[in-house]
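What you see is a predicted model, and the numbers here were worked out from it, not measured in a lab. Residues take their numbers from the sequence shown, with the count starting at 1. What's counted below: heavy atoms across the whole structure, side chains too, no hydrogens, waters or symmetry copies.
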Amino acid sequence: MTSDGCEHLEMFKEHEGTNAYRIIRRCFVENGIESYNQKMCYCHTCFQSKPRLHSCLSCIYFGCYDDRHIHGHADEYDHNLAVDLSYGTVYCFMCEDYIHDRSLEEISKELTKKSSTPKVLCETWEATLTEVQLLKKNPKRRKISRKSTIGLRGLINLGNTCFMNCIVQALTHTPLLRDFFLADKHNCQMLDESQRCLVCEMSRLYQEFYSGVRTPHIPYKLLHLVWTHAHHLAGYEQQDAHEFLIATLDLLHRHCKGTNGLSSSNPHQCNCIIDQIFTGGLQSDVTCKQCNNVSTTIDPFWDISLDLGPPPPEVRDKYNNVSEDFVEPTSLMDCLRRFTRPEHLGSLAKIKCSRCHSYQESTKQLTMKKLPVVACFHLKRFEHSTGYHKKISRFISFPEELDMMPFMSSSRSDNNGYANQTLNQATSCLNSDNKYSLFAVVNHHGKIECGHYTCFIRQHKNEWFKCDDHLITKATISEVLQSEGYLLFYHKQILEYE
């Protein structure tokens, strides 16, 4: 391979630019020929798909290298540059060699980096011959309009299973998760035991919800699978909706886990649909009080649990008074400010500083390094201690639209060498990529010993409904925002294209 470029390639770039190379590289090399439209990926002379297929840089022509069809095209049309679709290298027929070019190498690195990042974008769908026959046999179509109720369906309570029904309603109305299952994207890895696959059952559940049937669905198969895989949730006792949510996400993650790949944007380094939608990155900064050395770790999370109770004892003074900064929260924003506030770990929790080489007192601060597509907030209304159980029923306000920019790691100020970390509250230049819209709210009614779960879900942009087991009733946004709130589900307004 020629390592210093060639005059023919330089002349081509000067007159035509690099856009043709970028398109060929992105569509065929990075995505792979087999993942693109196979009808296009064949030699235009012998009409066969063979190894070492090359694409002309000057026109839309694919040709075999081994059978020299690409050579014949170059001689006939004087198109002397072609791209190897297997490796992305450029061949010059005048120099009779592959050419290494620095500018094209930069394009290659850029596109390779982007293609290695899992995307939550839907691929185009093309019907197979079997699907075409089915569509012809079933010509009737259901039209989805702004007033359509398709997707709204009640769930029968199978005996204290309202906690499960609420989580199922929230998940079935999570936009990207719904699109994944309705597009039949799940390829079951449990071929011999598909009846035990929770993801297969969720796929069937989505089909039931969006079939247009209005009678309540009986989710007995889902309940049985959850009992089978999560023994701590088995039985007819009332369970915690938050605990069921985490158990369900974990089971779905394990049953539909995709091919692991290194990804800087995904803390789990997994491209399964659950991680693509629900996983964020929580940054923990521990700062040495002696030398201001900072130790940073980033951990994945599926939800954020927010304290509602009184502040811990370490924030009280010797008179047992609490600082004004640690008053009990009355809103979701208060909870998030409290969650991301620097915390003094105290003399009983000294850490060994890597710079001081000795145990020192420190402060710890949590911030959001990476936000998930769907942010779930768990308001910790249930307090459990030895012989003491209590529910916090205090009203906590939450917004219809939420901006997470003030709680990002990038928004933290760096005064005095991290010694006094505070959140940057300057919200004048907020990033719209960090804005969320509310789409589901799970509520708990009653006492901690005996209660009932209901759920509000958003069907269309401004259409809200209350799900109370088998009953589905229309609701207003004011009813939603005035509800008590236990689990809050927010969806990103803008999805990044990576």
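Using a 4.5 Å heavy-atom cutoff, the side chains of L152 and I457 are in contact. At a threshold of 4.5 Å between non-hydrogen side-chain atoms, the residues H242 and S305 count as touching. Using a 4.5 Å heavy-atom cutoff, the side chains of F407 and M333 are in contact. Q365 has its side chain out of reach of V286: every pair of non-hydrogen atoms, C-beta onward, lies at least 4.5 Å apart. You'll find the side chain of T172 reaches within 4.5 Å of the side chain of Y206, heavy atoms only. A heavy-atom distance below 4.5 Å is not found between the side chains of V441 and L487. At a threshold of 4.5 Å between non-hydrogen side-chain atoms, the residues E208 and V213 do not count as touching. Taking 4.5 Å as the limit, some side-chain heavy atom of T149 sits within range of a side-chain heavy atom of R214.
Between D334 and R338, no side-chain nitrogen of the basic residue sits less than 4.0 Å from a carboxylate oxygen of the acidic one, so the salt-bridge criterion is not met.
Distance check: D285 CG to T297 OG1 gives 8.0 Å after rounding to the nearest 0.5 Å. Rounded to the nearest 0.5 Å, atoms NE2 (H217) and CZ (R153) are 6.5 Å apart. For the atom pair R52 CZ and Y91 OH, the distance stands at 8.5 Å (nearest 0.5 Å). To the nearest 0.5 Å, the span separating CG on L9 from CG on L57 amounts to 7.5 Å. Within the model, atoms CD of E106 and CG of L111 stand 11.5 Å from one another, a figure rounded to the nearest 0.5 Å. Here the CG atom belonging to L176 is positioned 5.0 Å from the CD1 atom belonging to I277, to the nearest 0.5 angstrom.
By the 6.0 Å and 45° rule, R458 does not stack over the aromatic ring of F439.
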query = Going through the checks in order, is the side-chain hydrogen bond (donor to acceptor under 3.5 Å, both in side chains) test met by T130 and T128?
reply = CA-CA 5 Å; T130 303; T128 62; 4.6 Å; no
Stepwise ring-ring contact (aromatic ring centres under 6.0 Å, His included) test for H378 and Y486 = CA-CA 6 Å; H378 166 223; Y486 179 53; 5.1 Å; yes
ask   = Where do C64 and C46 land on the side-chain contact (heavy atoms from CB on, under 4.5 Å) test, with the steps shown first?
value = CA-CA 8 Å; C64 304; C46 67; 3.6 Å; yes
inquiry  = Let's go through Y436 and F489 carefully: what are the C-alpha distance in whole Å and the side-chain angles of both, what is the deciding distance for ring-ring contact (aromatic ring centres under 6.0 Å, His included) to 0.1 Å, and is it a yes or a no?
reply    = CA-CA 9 Å; Y436 286 79; F489 294 85; over 10 Å; no
task = Give the intermediate values and the outcome of side-chain contact (heavy atoms from CB on, under 4.5 Å) for residues L282 and K369.
result = CA-CA 6 Å; L282 188 65; K369 179 64 176 178; over 6 Å; no
request  = For salt bridge (Lys or Arg N to Asp or Glu O under 4.0 Å), just list the numbers for E105 and R102, CA-CA rounded to whole Å, side-chain angles, deciding distance to a tenth of an Å, and then say yes or no.
outcome  = CA-CA 5 Å; E105 182 68 19; R102 291 186 178 180; over 6 Å; no
message = Does K492 form a side-chain contact (heavy atoms from CB on, under 4.5 Å) with K435? I'd like the steps, not just the answer.
response = CA-CA 6 Å; K492 261 193 176 183; K435 289 185 177 180; over 6 Å; no
key: Intermediate values then yes/no, side-chain contact (heavy atoms from CB on, under 4.5 Å), V90 and Y98   = CA-CA 6 Å; V90 176; Y98 287 97; over 6 Å; no
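Side-chain atoms of N138 come within 3.5 Å of backbone atoms of L134 as a donor-acceptor pair (strictly under, hydrogens ignored). Here the side chain of Q459 pairs a donor or acceptor atom with the backbone of I150 at under 3.5 angstrom.
The heavy-atom pair separating I396 from L332 by the smallest distance is CG2-N, 3.8 Å. Scanning both residues, C6 and C95, for their nearest heavy atoms gives CB-SG, 3.6 Å. Here the closest non-hydrogen pair linking L366 and S284 is CD2-CB, 3.7 Å. Pairing each heavy atom of I274 with each of H253, the nearest pair is CG1-N, 3.9 Å. Scanning all heavy atoms of the two residues, the minimum distance from L245 to C376 falls at CD2-SG, 3.6 Å. Taking all atoms of both residues into account, the shortest heavy-atom contact from L222 to L205 is CD2-CD2, 4.0 Å.
Residues H44 and Y42 place their aromatic rings such that the two centres sit under 6.0 Å apart. You'll find the ring centres of F93 and H71 inside the 6.0 Å limit. H69 and H54 have their aromatic ring centers separated by at least 6.0 angstrom. Ring centroids of F301 and F278 are separated by 6.0 Å or more, keeping the two rings apart. Aromatic rings of H79 and Y61 (six-membered ring for Trp) have centroids beyond the 6.0 Å cut-off, not under it. Here the two rings, on Y77 and H73, have centers that are under 6.0 Å apart.
Within a 6.0 Å sphere centred on NZ of K13, other residues, nucleotides and ligands contribute more than 12 heavy atoms.
At a cut-off of 3.5 Å, with distance as the only test, no side-chain donor of Q283 or T367 sits close to an acceptor on the other residue. For the residue pair W302/T279, the side-chain donor-acceptor check at 3.5 Å is satisfied. There is a side-chain donor-acceptor pair under 3.5 Å between Y21 and S108.
When each of V480, L438, T476, I477 is paired with F456, the side chain to side chain contact (heavy atoms under 4.5 Å, CB included) condition holds for V480 and for no other.
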